[in-house]
Amino acid sequence: MDDGSRRSLCTFCGVVDQVTITAGGKVRGTGSAGVCVKGAHYFQQHLGSRPQDVQRFTSPMLRSPYGWERVSWDYAIDMAADSILADRQDFGRDSLGFYGVGQMTTEALWIAKKFFQGHLGTNNICSNAEQCLANNAGGHELVFGNEGPFSCYDDYRHAEAIFFYGHNPAANHPTIFQRYVRQNRGAVKVVVDPRRTDTVDLLLADDPGNIHLPVRSGSDVLLNCGFARHLLDSGGWDRGYVARHADPAAAEEFLRFVRTGPFSADEVVARITPHGMDPADMRDRFLRAAGLWARERVVSTSSVGINQTVGSAGVASILNLHLLTGHLGAPGRGHVRMAGQSNASAELAMGYSGRLLPFRMRVTEEQNRERMAGIWGLPSWRINPEPGLPVASFATSERLRTLFVFGTNPARNFPNLARWRERMMDLCVVYIDSYYNPEIMEYADIVLPCRTKHETSGIFLNGERRLQYMEPVEQPGFEAWSDVRIVCEIARTIARRLTDEPPPAVPAGAGVAEMVAKGNADLDPVALDAAFRYPVDEYGEPLSEPIWDEIQVASRGFYNEFAHADGRPITLGDIRAGEGAQWAGERRYRPENGEPLFSGVLAAQRRQATFHLPAEAQLVPYQDRNRGGFVLITGRGAMGGKAVRRNNVAMFNSSTATGAANWPDTNFVYVNEADAVRLGIGPGSRVRLHNEIGSIECPAEVSADVPAGHLYLSFHPDKADTHPNLLTSSDNIDPVTWQPLLKDTRVDLTPLPEVR
Ligand code: SF4
């Protein structure tokens, strides 16, 4: 810009705000939501910093018998290619895995999927969206047939009532919370959350008429069935909308289920109310909240509090209410997606799951593989028909040999963590990140230093379908490559190697099964080289435009075709201009579009919406089956805003960008006052949390903000390694998406003797 300022994006959370860095280094929010302390802090801490101040990797490194050795880029890329070829030769294509982060650019997500799934033939390609946002997609698919969100942030401004389910926007999406939610003074806000979070405190301070429903964990589907019953009994639903837009058989079954099931206010309140809370108080809050769904304009948002507990069925139970009331497609009426990670929505669209191809096509179906292979210019047999591993099974499967990890911490964020850490010791881990993290160095074998956020260019897709472009505001002071370049260089190195040293020929007459069972004879060096050769900029970085053009063309005909509301293709120019472009426009499912409004993954698969019927087990609050144990709730930061004081604010995000030196010494487990008295636990008492998976020792905080029978432990890194994933299971996954249900974890709590 003429005045020396530089424009970019904050990609620290799923809002993806526009920022401008002034010539004097000030960070200004220049989009409609502004910028929050986390985003501003990141830029202030990192812009112009020396690598050692922010613990950057400054060169590729290789584990050797003598410790870590710095090596050249050529050598490191060669080693990464070697690992792929050797494991593929000896153990087959399923031995390769990829685990990415929701902060990779859209270009990188596309390139990695094309390389690992298309050319290398492994379906073990997933990302941390499978651990956080996947069930939001799953819920949408259950009810509307495709994962695409249909609302926009502006809907918060138009709503009369706003429901937050398991979502703490005050801490996690502050700009939207401050500028869109709190500024809408006329709307009644309802927070469904077992914890009294910052969001609850602030909204009740704004207006005591706002409502906190501190339901027992695992109650959300039951609660929503109660809301639905109230709407049916009070006439607050929209018969006409249901008749026009819902599948009639599913609608009839759902209405009967709700009318005849145990969903009266009294029945529901009796089961969702935590011990110690007056049921009459809960009943009053329940009825006030239920009545709000009958208002003209209602918006809801759900987050990991739902995604990691009742999962897809929980999200579907909220979307059932939107369908029942016709709250979708118009200003102030809809379900707004708020993602934790800036590009998690692109991960969903690109099918980052062992079950899926890009655009959410199931990999097990032959016509889908043919379609995708056609897009990638490959023979369809190259795509593996066997689904890949769920993320949760990485710990327990022997399948993987080499794992590529992009920008996230696998030594922290996998369930069944102790077992996974053991398993990682057997793998070749190629780690691509910007920042040094001592935990990961225990397991990594090859480290490739990549460009960090403000040094990278690329496209981000947020929760309101908005595509925006991140411009680099600084060049790294050493050689660091983008994720896109790293994948392209590895692919083309493999192509060169296959040309120089062709693998043994496949016997004449060999079938596809023999071609792909083991070995690299199925790889095509010419196709590989051509597919990953893009024009580059002055730093050798692949340009966005040809990659975006490839993605845009590939998206045609799918539910999420990257086109404007009037059907014009979205170009990179559109994405770079102003606040970018929203695919399908500001809102989907607009009433004026006529019917049918909904589709499967292909836009031509027209269908009506389908009410989702939950399974019996999804209606049971966790305490009812926990045999006296506690429900362990996890989340970001400490309780009651203490994270702001105790931890570096940037650690609200699970990024490693703050460096290990800033981690707190230990996390605390938060225990309800009544439970603390019963167990003789005081503030600072040391306790053990344990179950059949593992055990953690840490100090306790006593708090009225967690309900009785529940515990809260932050999943942020600390020096004492008190990570909740040491207690979470590989087996408890969502049946639709395979997302681990991390917050459905039973633990016992034992006070430890005081050490004097
Ligand atoms: S709300 Fe999210 S995207 Fe916006 S400035 Fe804060 S961290 Fe960045």
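Please read these numbers as outputs of a predicted model, since none were measured by experiment. Both counts, for ligands and for their atoms, begin at 1 and track the order of listing.
- Using a cutoff of 4.0 Å between basic side-chain nitrogens and carboxylate oxygens, R185 and D207 are not scored as salt-bridged.
- Using a 4.0 Å cut-off between charged nitrogen and carboxylate oxygen, R56 and E455 count as a salt-bridge pair.
- The protein heavy atom nearest to atom 8 (Fe) of ligand 1 is C10 SG, 2.3 Å.
- Here the two rings, on Y156 and F177, have centers that are 6.0 Å apart or farther.
- Protein heavy atom in closest approach to atom 1 (S) of ligand 1: T175 OG1, 3.3 Å.
- Electrostatic pairing of R451 and D483 does not count as a salt bridge here, judged by no charged N lying under 4.0 Å from a carboxylate O.
- Residues R412 and E439 are paired through a salt bridge, judged by an N-O separation under 4.0 Å between the basic side chain and the carboxylate.
- Residue F12 has at least one heavy-atom neighbour below 4.0 Å for each of these atoms of ligand 1: 7 (S).
- With 2.8 Å as the limit, C13 counts as an N, O or S neighbour of atom 2 (Fe) of ligand 1.
- A distance of 4.0 Å separates CG in N667 from CG in D718, rounded to the nearest 0.5 Å.
- Among the atoms of C36, an N, O or S atom is found under 2.8 Å from atom 6 (Fe) of ligand 1.
- Atom 4 (Fe) of ligand 1 has as its closest protein heavy atom D17 OD2, 2.0 Å.
- Near V35, with a cut-off below 4.0 Å to any heavy atom, the atoms of ligand 1 are 5 (S).
- Between R337 and E147 there is a salt bridge, since a side-chain N of the basic residue sits under 4.0 Å from a carboxylate O of the acidic one.
- Listed by number with element, the atoms of ligand 1 under 4.0 Å from a non-hydrogen atom of V16 are 3 (S).
- Under 4.0 Å from ligand 1, not a single heavy atom of V19 appears.
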